[in-house]
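These notes concern the structure reproduced below.
Note that the structure is a prediction, hence the values are computed from the model and not measured.
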Amino acid sequence: MSTARSPRASLGFAVLRHVLLLGAAAFMLAPFVWMLSTSLKPQTEIFLDHIRLWPEQLAVVENYTAAFTKAPLLRFLMNGAIVTISIFALQVLVALPCAYALAKLRFRGKQALFAVVLLCLLIPPHAISVPLFLLFYQIGILNSYAALVVPFTISVFGIFLMRQFFLTVPDDLIDAARMDGISEFGIVWRVMLPTAIPALTAFGIFSVVAHWNDYFWPLIAINSEHLLTPPLGVAAFRNQEAGTDFGPLMAAATIVIAPLVIAFLMAQRRFIEGIALTGMK
């Protein structure tokens, strides 16, 4: 008996699948749409007894001007850029040699070391926040950029992701580089790095989004306003300046997430390639 689906059944399954996916996407995007809508409204239209996405009277200039003038939002964005770029650069500096060693070198204890890396993936960063705070207090780097960057310079997820990608690189390419006299570190940066751009892009999206949106550790590590990261800056804007004026508050939140959305849209092709290739061996 043939088990092939009829064209009508296949069409129905495809329609159902797209309806479910569109429904899930709408559910996930609804808070962002509402945030953007609120950032365009005057205060009088925010708390209506009915839903209105597009306001009768736009307050774009007023809300977004207030977002930049009532709090040093540009400073918060600059802090976020400094912290996330520094963290990602240091993570790449550490993760690539480690991943190369775990993927392509042969040494005793390699599998045990990789098992330790996988074990570290199970440890939440909140579990070590108190020891880190006490350590940084003793060495005197609290309330500084270093306190925001140093705890995240080693990314076990980055090591795992890059190791999985390096497994897809042919050994013949590495052997050819060795025959040309390139050192192992030279192979990492001159051979493996150019081939790993899709995986690095995927890892970069994960890293930047995680640390741009991080609220927990910056709340512990810093207390000076000039060092506040974007999430802390929006919280301070809400508590100290905006009060119940949700138009400027939602405008500030929209400005904070805009760089992440733009970066993802620009890098989504490389992101998908990187995730797909790291699953191959």
Ignoring hydrogens and geometry, is there a side-chain-to-backbone donor-acceptor pair from [X] to [Y] under 3.5 Å?
| X | Y | result |
| --- | --- | --- |
| Asp214 | Ala210 | no |
| Asn143 | Ala221 | no |
| Thr168 | Phe165 | yes |
| Ser183 | Gly186 | yes |
| Arg163 | Ala103 | no |
| Thr69 | Thr65 | yes |

Donor on one side chain, acceptor on other, Asn63 and Ser39, under 3.5 Å: no
Return the minimal non-hydrogen interatomic distance between [X] and [Y], and the atom names on each side.
| X | Y | result |
| --- | --- | --- |
| Pro230 | Gly80 | CD-CA, 3.6 Å |
| Gln43 | Gly247 | OE1-N, 4.4 Å |
| Leu161 | Ala199 | CD2-O, 4.0 Å |
| Ala101 | Phe107 | O-CE2, 3.5 Å |
| Lys41 | Pro55 | CG-CB, 3.7 Å |
| Ala67 | Ala251 | CB-CB, 4.1 Å |

Would you check if [X] and [Y] make a side-chain contact, meaning some heavy-atom pair closer than 4.5 Å?
| X | Y | value |
| --- | --- | --- |
| Met35 | Pro31 | no |
| Ile222 | Tyr145 | no |
| His18 | Val15 | no |
| Val83 | Trp212 | no |
| Ile82 | Ser86 | yes |
| Ile87 | Ser207 | yes |
| Pro42 | Glu62 | no |
| Trp217 | His211 | no |

Is it possible for you to say whether [X] and [Y] belong to one hydrophobic cluster, with membership spreading through side-chain heavy-atom contacts below 4.5 Å?
| X | Y | result |
| --- | --- | --- |
| Leu74 | Ile262 | no |
| Val60 | Leu53 | no |
| Phe246 | Leu36 | yes |
| Leu40 | Val61 | no |
| Leu228 | Phe133 | yes |

Residue pairs passing the salt bridge (Lys or Arg N to Asp or Glu O under 4.0 Å) test where at least one lies in residues 176-188, sequence neighbours excluded: Asp175-Arg178, Arg178-Glu184
Residue pairs involving residues 103-123 (criterion salt bridge (Lys or Arg N to Asp or Glu O under 4.0 Å); sequence neighbours excluded): Lys104-Asp171
As an exercise, state the distance from [atom1] of [X] to [atom2] of [Y], rounded to the nearest 0.5 Å.
| X | Y | atom1 | atom2 | result |
| --- | --- | --- | --- | --- |
| Ile85 | Leu90 | CD1 | CG | 12.0 Å |
| Gln91 | Thr84 | CD | OG1 | 10.5 Å |
| Glu225 | Asn79 | CD | CG | 10.5 Å |
| Phe136 | Leu142 | CZ | CG | 7.5 Å |
| Phe88 | Ile205 | CZ | CD1 | 9.0 Å |

Derivation of the side-chain contact (heavy atoms from CB on, under 4.5 Å) call for Tyr64 and Thr254: CA-CA 9 Å; Tyr64 282 84; Thr254 302; 3.6 Å; yes
[X] atom [atom1], over 12 foreign heavy atoms within 6.0 Å:
| X | atom1 | result |
| --- | --- | --- |
| Met266 | CE | no |
| Phe27 | CZ | no |
| Leu16 | CG | yes |
| Phe185 | CZ | no |

Phe32 vs Ile257, side-chain contact (heavy atoms from CB on, under 4.5 Å): CA-CA, chis, key distance, verdict: CA-CA 10 Å; Phe32 299 97; Ile257 70 167; 3.7 Å; yes
Pair up each side-chain donor or acceptor in residues 189-198 with any protein partner under 3.5 Å, not counting sequence neighbours, and list the distances.
| from | atom 1 | to | atom 2 | distance (Å) |
| --- | --- | --- | --- | --- |
| Thr195 | OG1 | Met192 | O | 2.7 |

If you look only at distance, which donor and acceptor atoms sit under 3.5 Å apart when one is on a side chain in residues 148-160 and the other is two or more places apart or in another chain?
| from | atom 1 | to | atom 2 | distance (Å) |
| --- | --- | --- | --- | --- |
| Thr153 | OG1 | Val150 | O | 3.1 |
| Ser155 | OG | Gly158 | N | 2.9 |

Partners meeting side chain to side chain donor-acceptor pair (under 3.5 Å) with Thr229 (sequence neighbours left out): none
Distance-only criterion, 3.5 Å: show the donor-acceptor pairs between side-chain atoms of residues 116-131 and protein atoms not counting sequence neighbours.
| from | atom 1 | to | atom 2 | distance (Å) |
| --- | --- | --- | --- | --- |
| Ser129 | OG | His126 | O | 2.8 |

Leu232 and Phe76: CA distance, side-chain angles, deciding distance, side-chain contact (heavy atoms from CB on, under 4.5 Å) verdict: CA-CA 8 Å; Leu232 286 182; Phe76 302 153; over 6 Å; no
